[in-house]
Amino acid sequence: MPKKLAFYLLTFAVSFVALAQTKPILPYKNPKLSVEERVKDLISRMTIEEKAGQLNQLNGGEFTGPAKNDPGQMAKMKQVKEGKVGSMLNVTGVVETSAIQKIAMEESRLGIPMLFALDVIHGYSTIFPIPLAEACSWDLPAIEKNSSIAAKEAAAAGIHWTFAPMCDIGNDIRWGRVMEGAGEDPYYGGLVAASRVRGFQGKLDDDAHLLACIKHFAGYGAVESGREYNLTDFSRPALWNKYLPPYKAAVDAGAATLMNGFNVLDGVPVSGSSFLINDILKARWGFKGLLVSDWGSFSEMISWGHAEDDKDAAMKALNAGSMMDMQSQTVIRFLPELVKEGKVSMQAVDEAVMRTLEIKFRLGLFDQPYKFSNPEREKKMLFTQENRSIARDAARKSIVLLKNEKQTLPILPTVKKLALIGAFADSKDDMFDFWIAKGESKNAVSVLEGIKAGFEPNAVVSFSKGYNIDGTTSEILIKEAVEKASLAEVILVNIGISGKMAGEDRALANPAIPEAQIQLLKALQKTGKPIVAIVTSGRPLILTEVQPLVSSIVQCWILGTETGSAIADVLSGQFNPSGKTVMTFPYAVGQIPVYYNHFKTGRPLPSEPDGDMSWKSRYRDIPNEPLYPFGYGLSYTNFTYSDFKLSSSSGSKGGTLIASVNITNSGNFDGEEVVQLYIRDLAASIIRPVKELKGFQKIKLKKGEKSTVQFTLTDNEFSFFNADGMTKLEPGRFHIFVGTDSKNTQKLDFDLK
Ligand code: BGC
């Protein structure tokens, strides 16, 4: 090649490379700029349709494989290409999520990544105990860990965002969704919610965590008569003191997103409640994250009678501060018109879009849109042995021992013949609720499998159904069960209701043990053998009839993948139960809602057993007291409480009160105890509950060991909110209680000057 030509070619190549290098990167794609600058730049390039797109969340499903040609799915893909979808829920797996991400990144005008969301409620493929059960462990580090494992698995499968934790207070066992929460106490509920947020999110700076979404903002747990999607109607003091604290704790823990409820507040559907969203969540709490509606909750404002049509619903939701529209598509359809007509300001739209984009930047999706899309990692991370053993430990810690007469439990190695009875023990289909993401019950350990593995070959385990899954039984089934039971030394009976009866849309008017199971227990009782009731259910059931028929009751909830192994660990004494219930077990349905932190009334029952009960607040046919109180749960050992002391019997605002108590493990096993501290404010400008949990400590004591537990109380513990949400700290007398549950307590007085 002539030298001159070579020179020209070289010059050309060098300038080409230089030119390519200096080709301007659009500011929003430039990782060197701040998130704020990038978001601002991107918003300035977006059309109103694209902005509406970012606020549109669609239900996904499969997009590759046979579903590819489905007209519904094709229409959704078209929307993705047009930049009209910001997020999808219910698309799972690296293959599906990355296929859609590719379209959003490469075929939409601005290449904005999608957010993939899923209800990862108690695990992704390794299933943990339901949140209600997990909360009974009172083990916050373990609860955080469980959520982090769920996040790790889901993130490996392409998911960015979970719709959990639920922060709704649950004190009505008719409501199926109590399984998703942490029970009836606002203080404890807040601690659990914060732990779960931390577990799911970590620092959100890697590819092993998810965005958490606290829900259902706010007060959804108060649905009237426990019926799903029903009215909520409660006072402002209840809002501030009872319903809001768990959400606030989760916001303070850094929850990145939050979901509107299906309910109403002060007669306004919460998706359209400016008071709740603009005034409380954003202005007062300083929440800077993203808000998503519940499924169709914008549109549901029409059925509630608050919005005229979808356009009106979108307007009301956005003006109230709501942001992303899950599934009702009101925003994508009407936002351009609403802005044009001046009914929704561009400022409101930009704020909502900004928050959506910020989250995507925070997750690193603009720079690495496929960061959650590694097929090798997906294969490696799911359902590992390590995750299963963490789930087993979580399951054992969730079990609550409600009754244990004559030390029937633990079952000692000297017992050689066991009868296990109950169709649920052998039905994997009924083990799980439906919030199980990709968990498969076929991979779970059933009660039967767990008990056989735990007790054989040392003992013989016979099995019979005793009743049918559909709630019926027959003479033959009962006869067979009694025959097998008669040959055993201890009878184990799995009673309860199907896991499928837990969760959304699973309200029950009569949450009790089915009549057929009671009939079976009565027949088994005649054998004179000790009976252990293993209760599996996604909520507390009415156990009043069961109680006298059996020696022991083990509340086993829905425990997930390792159900049977965890139950066997507890029954055999491999693990000494330490769970304490976070929901009161009612005596009868008519008591519901019944909760420990109730009010005294103007006509309380007398405290002396022989006091005059007439014209007092009571039932004529049942006691006021529940069957098992909040915080209750037995151990195989005993804990003795002594030397309960306060550092002072009076103090002033700004001071510190130390309450201390000695706990001795006075029984025959090593064990764990949840020491609980409650207070009561005796006279206040707004009446206060008879007891309020203000602290707890879970301690481990070896047989014979003693320990001193201390609680520190400050202004914070003695304060409450008035009807306007203002903090009140009022002088006066307080009872301070410590105890093993909310009922069995010791009491001292403290005067706040
Ligand atoms: C539930 C939410 C859930 C959403 C998405 C709704 O019906 O109320 O809790 O996150 O569906 O699945």
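Numbers here are sequence positions counted from 1. Hydrogens, waters and symmetry mates are skipped; everything else that's a heavy atom, side chains included, is used.
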*Using 30° and 60° as the class limits, which term best fits the ring planes of Phe361 and Phe366: parallel, tilted or perpendicular?*
parallel
*Check the angle between the aromatic planes of Trp175 and Tyr220 and answer parallel, tilted or perpendicular using the 30° and 60° thresholds.*
perpendicular
_Distance-minimising heavy-atom pair for Met259 and Leu291_ = N-CD1, 4.4 Å
*Minimum heavy-atom separation for His160 to Met114, with atom names?*
CE1-O, 3.3 Å
For [Y], is there an ion pair with [X] - N to carboxylate O distance below 4.0 angstrom?
X	Y	value
Arg362	Glu358	no
Glu37	Lys40	no
Arg109	Glu49	no
Glu180	Lys215	yes
Asp168	Arg177	no
Arg236	Asp266	yes
Asp207	Arg377	yes

Could you point out which residue of [options] forms a side chain to side chain contact (heavy atoms under 4.5 Å, CB included) with [X]?
X	options	result
Leu265	Leu239, Thr232, Ile280	Leu239
Val349	Leu338, Leu318, Ile48	Ile48
Ile359	Leu204, Leu365, Leu211	Leu211

*Give the C-alpha distance, both sets of side-chain angles, the deciding distance and a yes or no for salt bridge (charged side-chain N to carboxylate O under 4.0 Å, His left out) between Glu153 and Lys438.*
CA-CA 10 Å; Glu153 289 192 348; Lys438 292 285 149 181; over 6 Å; no
Hey, is [atom1] on [X] packed in by over 12 heavy atoms from elsewhere, all under 6.0 Å?
X	atom1	result
Lys145	NZ	no
Lys282	NZ	yes
Lys152	NZ	no
Lys311	NZ	yes
Lys76	NZ	yes
Glu107	CD	yes

Using atom types as modelled and distance alone, determine if a side-chain donor or acceptor of [X] lies under 3.5 Å from a backbone N or O of [Y].
X	Y	result
Asp294	Phe262	no
Asp325	Val331	yes
Asn230	Val223	no

*Stepwise, does the side-chain hydrogen bond (donor to acceptor under 3.5 Å, both in side chains) test hold for Asn278 with Ser274?*
CA-CA 5 Å; Asn278 286 329; Ser274 182; 3.0 Å; yes
_Lys51/Asp350 under salt bridge (charged side-chain N to carboxylate O under 4.0 Å, His left out): CA gap, chis, key distance, verdict_ = CA-CA 8 Å; Lys51 289 180 182 177; Asp350 283 353; 2.8 Å; yes
